[in-house]
*Asks:* 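Take a look at the following structure, please.
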Protein chains: 4
Amino acid sequence: MARRREVPARGRPRSEEAHAAILGAAIALTREVGYDALSIEGIADRAGVGKATIYRRWPSKELVIAEAVGGMVQRIPVPDAGSVRGDVAQLMRVITGMYRDPASGPLLSGLVAAMARSEVVAEAVRSGFNGVMRDALRQVLRRGIARGELQRTTDIELALDLLAGPLFYRYLMLGLPVTDRYTNAVIDAALHAFAPVTRKRNAFTDR
Amino acid sequence: MARRREVPARGRPRSEEAHAAILGAAIALTREVGYDALSIEGIADRAGVGKATIYRRWPSKELVIAEAVGGMVQRIPVPDAGSVRGDVAQLMRVITGMYRDPASGPLLSGLVAAMARSEVVAEAVRSGFNGVMRDALRQVLRRGIARGELQRTTDIELALDLLAGPLFYRYLMLGLPVTDRYTNAVIDAALHAFAPVTRKRNAFTDR
Amino acid sequence: MARRREVPARGRPRSEEAHAAILGAAIALTREVGYDALSIEGIADRAGVGKATIYRRWPSKELVIAEAVGGMVQRIPVPDAGSVRGDVAQLMRVITGMYRDPASGPLLSGLVAAMARSEVVAEAVRSGFNGVMRDALRQVLRRGIARGELQRTTDIELALDLLAGPLFYRYLMLGLPVTDRYTNAVIDAALHAFAPVTRKRNAFTDR
Amino acid sequence: MARRREVPARGRPRSEEAHAAILGAAIALTREVGYDALSIEGIADRAGVGKATIYRRWPSKELVIAEAVGGMVQRIPVPDAGSVRGDVAQLMRVITGMYRDPASGPLLSGLVAAMARSEVVAEAVRSGFNGVMRDALRQVLRRGIARGELQRTTDIELALDLLAGPLFYRYLMLGLPVTDRYTNAVIDAALHAFAPVTRKRNAFTDR
DNA sequence: TCCTAAGCGAGACGGTACGTCCAGTCTTCGT
DNA sequence: ACGAAGACTGGACGTACCGTCTCGCTTAGGA
């Protein structure tokens with residue numbers, strides 16, 4: 001709070017307007033021409049801003065987008081309706097929505113490429129939407145374990161990967177739509193994998 | 001069916017040497033400078049080839065890489081050692097190796113971005129390594145169902161996604177290494193999800 | 001004359017058709033796109049001929065054009081109507097016509113550039129249209145001297161330059177049309193310069 | 001009239017250094033490799049300048065050269081030593097020098113070709129060296145007429161062509177050196193053509 | 001009637017330069 | 001001191017031709 005104005009603040013302060021205009025232009029252009037045809041030059045022109053003004057704030061195009069997209073992540077209220085299945089499904093619907101939204105889905109492939117290039121971008125994305133969702137799902141799974149709906153030995157991180165991985169893979173590699181029906185099938189399979197042993201103890205010994 | 005030579009083939013034929021040199025240079029440069037610093041100009045120089053010779057064969061940098069990487073895909077002998085678990089594990093070790101190989105793993109993020117841009121690239125990649133592995137795994141799973149090791153109602157495509165998705169997601173999104181231990185955990189969870197349940201006690205006699 | 005057929009001439013003879021097609025295409029393309037946008041590739045395409053067929057015959061684009069244009073030079077009958085003025089005027093009208101003809105005038109600037117680059121081209125052009133006209137004018141001037149219409153000391157080569165130079169300069173440097181009226185004025189001035197001294201002996205002593 | 005700074009001039013101003021370096025490199029390279037082997041790429045490299053910096057200033061290679069050469073044109077002091085012959089000779093020596101100078105003569109053929117292609121280049125060249133010389137000669141001739149050294153009816157433009165044309169033609173078409181001796185012969189002939197004739201015996205009193 | 005040699009259209013080859021675009025930096029003036 | 005404007009060097013883009021080099025195919029004369 002005391003950060004600003006500790007120093008008497010000389011010169012013209014940074015324009016909030018410019019900041020917002022840049023993020024807006026970045027989002028708009030990404031939608032229009034795609035992540036790869038996006039250029040700092042283009043964003044600057046569209047935002048009515050000098051290129052240097054962008055470079056002053058972000059070291060790379062990827063971080064501009066990372067912030068622009070990050071601004072879209074709302075706080076996710078962690079559901080607690082009594083059953084893992086229901087709570088997980090509620091959170092997964094948010095993820096499904098992200099894949100379906102033309103404003104966020106198509107950004108994903110570019111972000112993945114940017115993450116591979118830059119650890120800074122990678123961290124931004126990992127702790128952004130991805131981290132928020134994982135945190136929420138983690139809590140829900142933990143409650144499930146506590147309630148006995150999942151095995152006590154459940155590897156939670158693995159479970160998160162089994163929930164999130166197939167959607168991510170289907171979208172980016174297979175190029176197929178991520179529907180609610182598909183997401184539900186993934187949830188069923190993933191939770192089944194960690195369901196308490198007793199219920200199907202003899203699955204193998206039966207052989 | 002006589003695919004080649006339907007047309008009499010006029011003019012000087014394309015050089016096999018140049019073709020190979022280009023793919024080789026592409027692989028080498030990708031290892032050295034990374035996918036993003038890769039340029040057609042650089043590949044041409046390294047291969048000792050004119051730029052036009054590259055453009056004559058491939059419409060985009062991505063397709064050059066797609067073919068170069070695709071050339072690495074060997075025919076996968078579909079294992080048949082009597083158990084789903086063993087056969088799946090054998091195939092998954094190949095995938096794990098791909099993520100670990102510095103010649104192929106780091107290409108992935110770029111290819112994903114390229115796929116999003118170009119349907120041609122997308123198809124090339126999908127039917128390349130990815131398709132080959134899915135085909136092999138599909139056969140193995142089918143045999144597992146036939147043997148009663150998996151439920152008769154198993155959604156094979158979903159199972160494939162549960163096997164492949166977590167690795168893909170872990171590598172690209174989480175930026176974590178894909179170890180054999182992790183892969184085995186994924187295999188166990190995924191197969192467990194589709195293992196015959198106790199309620200259907202007599203998995204074989206029920207048939 | 002014995003030049004050809006000293007060696008028995010083996011293999012397929014060169015095609016007269018191709019030869020003519022090339023020259024024709026060269027002329028046509030020069031008219032359409034201009035001398036500078038002219039390319040061997042373009043000529044070959046237009047003539048329906050392989051590039052090598054052109055290179056087999058001419059070492060450079062300039063020589064193709066030189067031959068194509070040279071083929072347009074007819075034998076000039078040297079006029080002899082009794083007066084230098086009349087005979088010179090008749091020949092100069094041919095030159096004027098060359099500047100006016102859209103098939104030859106616009107070639108000139110390109111040929112001038114080509115001459116500067118290649119002595120072979122230079123010789124071809126100098127001994128072509130230019131040489132033919134100079135030869136004819138030379139004879140006419142010589143007869144004029146013999147008849148006493150021009151000074152006995154007349155430097156004929158200089159006189160030829162005074163006749164040809166202004167037109168060449170006006171066309172290429174000033175970019176102005178070379179009209180008959182202009183040509184006549186040049187003829188008058190040039191011949192006046194070499195008219196017998198007696199008629200104006202006192203021009204300076206009169207002062 | 002205040003040509004510059006009508007508009008407040010925003011952004012970084014163009015570098016005078018770069019400008020000069022480009023023109024210098026153009027001249028140097030022309031001398032070294034010739035007009036035809038000259039390339040924008042080469043000039044940029046030599047000048048230590050980006051290609052765009054050249055394209056920002058000139059639309060074509062020819063105009064670069066035109067300006068570089070034009071920069072060599074000094075103001076010509078119009079001589080006034082009392083006689084047309086002397087004044088004309090003094091100016092013509094400058095022209096002769098231009099043809100002889102290895103830095104300007106060999107450029108001529110390329111400029112002529114460039115003029116034919118581009119009216120912009122044509123105007124630049126015409127109003128450059130050529131225009132300056134013609135203006136000076138025009139004044140000298142006018143004074144000669146006023147003094148009675150030339151006929152009152154002299155067509156000055158024609159006279160200029162008779163002076164300049166033969167040298168231009170001899171250099172470009174005949175490929176012969178333009179010597180002082182030759183130039184003097186041209187001057188004599190051209191002035192002789194417009195010298196007052198004996199028939200108008202009293203050139204002055206007749207006025 | 002074959003054989004040898006050269007010419008043919010076609011088009012790929014290694015190169016060079018084109019003119020454009022953008023990256024990331026720098027320099028000016030105005031706020 | 002910041003902002004916009006825009007010039008700066010640098011380098012890759014994809015295209016067009018250069019002049020050369022295979023291809024498979026005529027088209028001739030001589031064996």
Side-chain angles (χ1 to χ4, degrees), chain A residues 7-15 17-19 37-45 47-57 59-61, chain B residues 8-15 17-19 21 37-45 47-57 59-61, chain C residues 8-15 17-19 21 37-45 47-57 59-61, chain D residues 7-15 17-19 37-45 47-57 59-61:
Chain A
V7 171
R10 300 206 286 157
R12 178 173 173 177
R14 289 197 179 172
S15 156
E17 267 179 66
H19 199 95
L38 200 64
S39 68
I40 294 283
E41 198 124 358
I43 296 174
D45 280 6
V49 137
K51 278 201 287 177
T53 302
I54 298 182
Y55 282 111
R56 212 172 283 127
R57 292 169 155 85
S60 78
K61 161 178 115 166
Chain B
R10 302 213 271 170
R12 178 174 175 175
R14 294 196 176 167
S15 157
E17 266 181 66
H19 199 96
L38 200 62
S39 68
I40 295 281
E41 199 124 357
I43 296 174
D45 280 5
V49 138
K51 278 201 285 176
T53 300
I54 299 182
Y55 283 111
R56 216 172 276 126
R57 291 169 158 82
S60 79
K61 170 175 106 168
Chain C
R10 301 209 281 162
R12 177 174 173 174
R14 290 193 179 170
S15 156
E17 268 180 64
H19 199 96
L38 200 63
S39 68
I40 295 283
E41 199 124 356
I43 296 175
D45 279 7
V49 137
K51 280 201 287 176
T53 301
I54 300 182
Y55 282 111
R56 212 172 280 126
R57 293 168 155 84
S60 78
K61 162 178 115 167
Chain D
V7 171
R10 300 213 272 171
R12 178 175 175 175
R14 294 198 175 167
S15 157
E17 265 180 67
H19 200 96
L38 201 63
S39 67
I40 296 281
E41 200 124 356
I43 296 174
D45 279 5
V49 139
K51 279 201 287 177
T53 300
I54 300 183
Y55 283 111
R56 214 174 278 126
R57 292 171 156 83
S60 78
K61 167 177 107 169

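Below, read A as the first sequence line, B as the second, and so on, with proteins coming before strands; counting in each chain starts at 1. Note that these values count all heavy atoms, side chains included, but never hydrogens, waters or copies made by symmetry.
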*Asks:* Can you name the residues that form a side chain to side chain contact (heavy atoms under 4.5 Å, CB included) with B/A21, not counting sequence neighbours?
*Replies:* B/A47
*Asks:* Any donor-acceptor pair under 3.5 Å linking the side chain of D/K61 with the backbone of D/S39?
*Replies:* no
*Asks:* Separation of A/D45 atom CG from E/dC21 atom P, in whole Å?
*Replies:* 12 Å
*Asks:* Below 3.5 Å, can you tabulate the donor-acceptor pairs from side chains in residues 50-57 of chain C to any protein atom, sequence neighbours excluded?
*Replies:*
from, atom 1, to, atom 2, distance (Å)
C/K51, NZ, C/E41, OE1, 3.4
C/R57, NE, C/H19, ND1, 3.0
C/R57, NH1, C/T53, O, 3.4
C/R57, NH2, C/S15, O, 2.9

*Asks:* How long is the line joining CD1 of A/I54 and C1' of E/dT25, in whole Å?
*Replies:* 14 Å
*Asks:* May I have the distance from C/I43 (atom CD1) to F/dC17 (atom C1'), rounded to whole angstrom?
*Replies:* 12 Å
*Asks:* Each nucleotide in nucleotides 5-12 of chain F should get exactly one letter: B, S or -. Can you fill that in based on protein heavy atoms under 4.0 Å?
*Replies:* BBBBB--S
*Asks:* Could you state the OH-P distance from B/Y55 to F/dT15, rounded to the nearest angstrom?
*Replies:* 7 Å
